[in-house]
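What follows is one structure encoded as structure tokens, with my remarks underneath.
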Amino acid sequence: MEGKFRLFQNNTIVILGAGIIGCTTARLLLEKGFKVTLVAKHVPGDDDIWYASNWAGAIWHAGDSKNDKHRYMRAVSFRRFMNDYQSDKECGVCLVNVKEYFEKAPESMADLLGRKINPNFRSMSRDQFEKSGFEYGCQYDTLVIEPPRYLRFMKKKIEELGGLFIKKEIFSVDEIYDMFPDSTVFVNASGIGPKYIKGLEDSKCYPNRGQNVLVITDTSTAFLRSGEEYTYIIPRPLQGVVVCGGVNQGDVDSSNIDMSIAKDEIRRAHKLAPEAISESPDVAGYVVGIRPAREGGFRLEKEAFEDDKFILHAYGFNGSGYALSYGAAHYISIMVEELERRFCVS
Ligand SMILES: Cc1cc2nc3c(=O)[nH]c(=O)nc-3n(C[C@H](O)[C@H](O)[C@H](O)COP(=O)(O)OP(=O)(O)OC[C@H]3O[C@@H](n4cnc5c(N)ncnc54)[C@H](O)[C@@H]3O)c2cc1C
């Protein structure tokens, strides 16, 4: 091996960010034999509200995307989370039944991605949803992820595969280039980071605050409601609680619990699923997290910043970072392999 190619293969790929996007990317690249170092202010085990991955529900949901690439990204994530669920029942992934209600019926039933991916997908009979004013309802099985547990599992996996974590906040992108002068590929998986990091400064990024109530109950069914009264109830079977939520507060970043939101989330959860959530349920706690949102949607693309040096962007996943994570990692790993080929033949 000579010159640039040898450099490419010997030097670590640097990932800025150790949320679900940085961790899934690290895992896939390590599995393909690349060297990987993650640099991040927050790493698995941390519980800052700005570390979105620690606070997600998190449910794998098909979403309403008609974009083929986005659909495939969700499908890849489902496959990988299913593999983890099947091989390690303690990793933080569980399989649950879902009842989903739509205020407006989907435009095309054939387009529903869940039909193709979620096991046991079936439409409800009209009498099961019409009386509550819904236009459509369906039932299926899906995967839910308990974030702190799954992030710890990922850290262990990454370290077993030879990946390194460096806990550090950076203020300018040049800092990270200077830390690794021989590296040619950098991945920007810094969530909301590009809004603030000098040299990245993406003005389309904005914080989207979420707040959830953790309710003690033994239900293992998830309930989802789309539309004006967007509401979710997501079980965490390994913890014996459900996550009740459904609030998006754009450009709000307070860490304080807003009790009026909490009360309203309980009210909506009870209305959606009185069989699972009582009017005054036992509350185990509250959760606040900042979703890394971006006007126009997430960014997943390659940018050259110097001769033969590249930064691969994967950020702005807002409320679907878990559902899209392994799909994003899949596309980043393809970009890395294309660069490897280019270094090898040029
Ligand atoms: C309440 C709530 C519920 C949610 N529910 C779901 C759900 O059900 N399903 C779903 O798919 N998604 C859900 N999400 C969304 C999901 O949590 C996010 O989309 C996902 O976590 C984003 O991952 P990320 O790795 O891009 O960002 P993050 O998890 O925020 O990670 C960013 C990383 O970059 C690092 N970083 C940033 N800036 C710097 C810097 N200057 N220097 C060094 N490091 C830096 C951080 O420290 C961190 O390691 C939910 C989110 C919230 C808040």
Side-chain angles (χ1 to χ4, degrees), residues 14-26 38-63 73-74 77-78 81 98 142-148 150-151 154-155 165-173 175-176 179 187-201 205 207-214 222 224 230 232-236 243-249 252-253 261 265 286-294 298-300 313-329:
V14 181
I15 300 179
L16 176 61
I20 194 62
I21 303 296
C23 286
T24 51
T25 302
L38 299 98
V39 179
K41 181 177 176 189
H42 308 106
V43 296
D46 289 348
D47 63 0
D48 193 297
I49 63 161
W50 291 92
Y51 188 31
S53 297
N54 197 55
W55 307 111
I59 194 162
W60 184 95
H61 185 260
M73 287 168 70
R74 287 178 191 262
S77 304
F78 191 88
F81 284 125
V98 183
T142 201
L143 297 162
V144 290
I145 300 113
E146 191 186 314
Y150 191 71
L151 289 170
M154 285 297 276
K155 183 163 189 285
F165 285 83
I166 298 176
K167 192 165 158 62
K168 179 178 166 62
E169 179 170 13
I170 66 131
F171 297 90
S172 145
V173 72
E175 272 179 58
I176 197 150
M179 277 170 75
V187 178
N188 171 18
S190 61
I192 191 76
K195 181 174 172 64
Y196 308 103
I197 297 170
K198 202 169 158 225
L200 293 176
E201 288 141 326
C205 294
N208 177 12
R209 183 180 182 278
Q211 182 181 305
N212 291 331
V213 185
L214 300 178
L224 305 175
Y230 165 62
Y232 52 78
I233 300 169
I234 302 173
R236 290 194 176 168
V243 180
C244 299
V247 67
N248 284 291
Q249 294 183 287
V252 179
D253 61 11
I261 291 178
E265 286 180 329
Y286 304 93
V287 158
V288 174
I290 305 295
R291 303 178 184 97
R294 184 171 182 268
F298 61 80
R299 185 173 182 204
L300 188 59
H313 299 286
Y315 64 87
F317 291 93
N318 200 4
S320 296
Y322 273 83
L324 292 163
S325 58
Y326 280 102

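Numbering of ligands and ligand atoms starts at 1, following listing order.
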Problem - Side-chain (Trp50) to main-chain (Asp253) donor-acceptor, under 3.5 angstrom - result: no

Exercise for the section: Please answer whether the main-chain N or O of Arg294 pairs with a side-chain N or O of Arg299 as donor and acceptor at a distance below 3.5 Å. Expected result: no

Completion exercise
Between Pro44 and Leu151, the two heavy atoms sitting closest are CB-O, 3.4 Å

Handout entry: Check: Ala18 N/O within less than 3.5 Å of ligand 1 N/O
Key = yes

Practice task
Using distance alone, decide if ligand 1 has a nitrogen or oxygen within less than 3.5 Å of any nitrogen or oxygen in Asn212.
Solution key: no

Problem - Residue pair Val288 / Arg209, side-chain heavy-atom distance below 4.5 Å - result: yes

Practice task
With heavy atoms only and a cut-off of under 4.0 Å, state how Ile197 meets ligand 1: side chain, backbone, both or neither.
Solution key: side chain

Practice task
Could you say whether the N/O atoms of Val287 and ligand 1 ever approach to under 3.5 Å?
Solution key: no

Practice task
Using the six-membered ring of Phe165, assess whether NZ or CZ of Lys155 lies under 6.0 Å from its centre and within 45 degrees of the ring axis.
Solution key: yes

Handout entry: Charged N-O contact under 4.0 Å between Asp46 and Lys167
Key = yes

Practice task
Using atom types as modelled and distance alone, determine if a side-chain donor or acceptor of Ser53 lies under 3.5 Å from a backbone N or O of Gly19.
Solution key: no

Problem - Ligand-side contact atoms (ligand 1) for residue partner Gly289, heavy atom cut-off under 4.0 Å - result: 53 (C)

Problem - ligand 1-proximal atoms of Trp50, by part, heavy-atom distance under 4.0 Å - result: backbone

Handout entry: Whether Lys168 lies under 4.0 Å from ligand 1, heavy atom
Key = yes

Handout entry: Donor-acceptor contact below 3.5 Å, side chain Ser77 vs main chain Tyr326
Key = yes

Practice task
Could you find the nearest protein heavy atom to atom 37 (C) of ligand 1 and give me its residue, atom name and distance?
Solution key: Ser190 O, 3.2 Å

Problem - Atoms of ligand 1, numbered as shown, that sit under 4.0 Å from any heavy atom of Tyr322 - result: 10 (C), 11 (O), 12 (N)

Problem - Ile170 N/O under 3.5 Å from ligand 1 N/O - result: yes

Fill in the blank from the handout: Gly17 heavy atoms within 4.0 Å reach ligand 1 at atoms 33 (C), 34 (O), 35 (C), 49 (O)

Fill in the blank from the handout: min-distance protein heavy atom vs atom 30 (O) of ligand 1 -> Ala52 N, 3.2 Å

Problem - Close approach of Tyr51 to ligand 1, heavy atoms, under 4.0 angstrom - result: yes

Handout entry: Element-labelled atoms of ligand 1 that are located less than 4.0 Å from some non-hydrogen atom of Gly19
Key = 25 (O), 29 (O), 31 (O), 33 (C), 49 (O)

Completion exercise
Restricting to heavy atoms, the pick from Cys23, Ala328, Gly319 nearest atom 12 (N) of ligand 1 would be Gly319

Practice task
Name the orientation class of the two ring planes belonging to Phe298 and Phe317 (parallel below 30°, tilted from 30 to 60°, perpendicular beyond 60°).
Solution key: parallel

Fill in the blank from the handout: Looking only at protein heavy atoms, what sits closest to atom 29 (O) of ligand 1 is Ser53 OG, 2.4 Å

Fill in the blank from the handout: Given the options Ile197, Leu16, Ile166, Ile176 meets side-chain contact (heavy atoms from CB on, under 4.5 Å) only with Leu16

Exercise for the section: Compute the shortest N/O to N/O distance between Ile20 and ligand 1 and return yes if it is under 3.5 Å, no if not. Expected result: yes

Problem - Heavy atom of the protein closest to atom 17 (O) of ligand 1 (residue, atom name, distance) - result: Ala56 CB, 3.3 Å

Practice task
Return yes if some donor-acceptor pair links the side-chain N/O of Glu175 with the main-chain N/O of Val173 below 3.5 Å, else return no.
Solution key: no

Practice task
Quick one: do Tyr230 and Asn248 satisfy side chain to side chain donor-acceptor pair (under 3.5 Å)? Show the steps, please.
Solution key: CA-CA 10 Å; Tyr230 165 62; Asn248 284 291; 4.9 Å; no

Exercise for the section: Using atom types as modelled and distance alone, determine if a side-chain donor or acceptor of Arg74 lies under 3.5 Å from a backbone N or O of His61. Expected result: yes

Practice task
Specify side chain, backbone, both or neither for Pro147, according to which of its non-hydrogen atoms lie closer than 4.0 Å to ligand 1.
Solution key: neither

Practice task
Assess Pro292 for proximity to ligand 1: is some non-hydrogen atom of it under 4.0 Å away?
Solution key: yes

Problem - Under 4.0 Å to a heavy atom of Lys41 - the qualifying atoms of ligand 1, by number - result: 43 (C), 44 (N), 45 (C), 47 (O)

Completion exercise
for atom 26 (O) of ligand 1, nearest protein heavy atom and its distance come out as Ile21 CG1, 3.3 Å

Exercise for the section: May I ask you to check if ligand 1 and Val43 share an N or O to N or O distance below 3.5 Å? Expected result: no

Handout entry: Sub-4.5 Å side-chain heavy-atom contact between Asn212 and Tyr232
Key = yes

Exercise for the section: Using atom types as modelled and distance alone, determine if a side-chain donor or acceptor of Asn208 lies under 3.5 Å from a backbone N or O of Gln249. Expected result: yes

Exercise for the section: Please work out which of Ile59, Val39, Leu38 has its closest non-hydrogen atom nearest to atom 9 (N) of ligand 1. Expected result: Ile59

Problem - Residue, atom name and distance, where the atom is the protein heavy atom closest to atom 27 (O) of ligand 1 - result: Gly191 CA, 3.6 Å

Handout entry: Check: Ile290 N/O within less than 3.5 Å of ligand 1 N/O
Key = no

Handout entry: Tyr150 and Cys23, any side-chain heavy atoms less than 4.5 Å apart
Key = no

Exercise for the section: Could you find the nearest protein heavy atom to atom 2 (C) of ligand 1 and give me its residue, atom name and distance? Expected result: Trp55 O, 3.7 Å

Completion exercise
Going by the 4.0 angstrom heavy-atom rule, the piece of Asn54 near ligand 1 is neither

Problem - Polar proximity ligand 1 side, Asn318 side, N/O cut 3.5 Å exclusive - result: yes

Problem - Nearest protein heavy atom with distance in Å, relative to atom 46 (C) of ligand 1 - result: His42 ND1, 3.6 Å

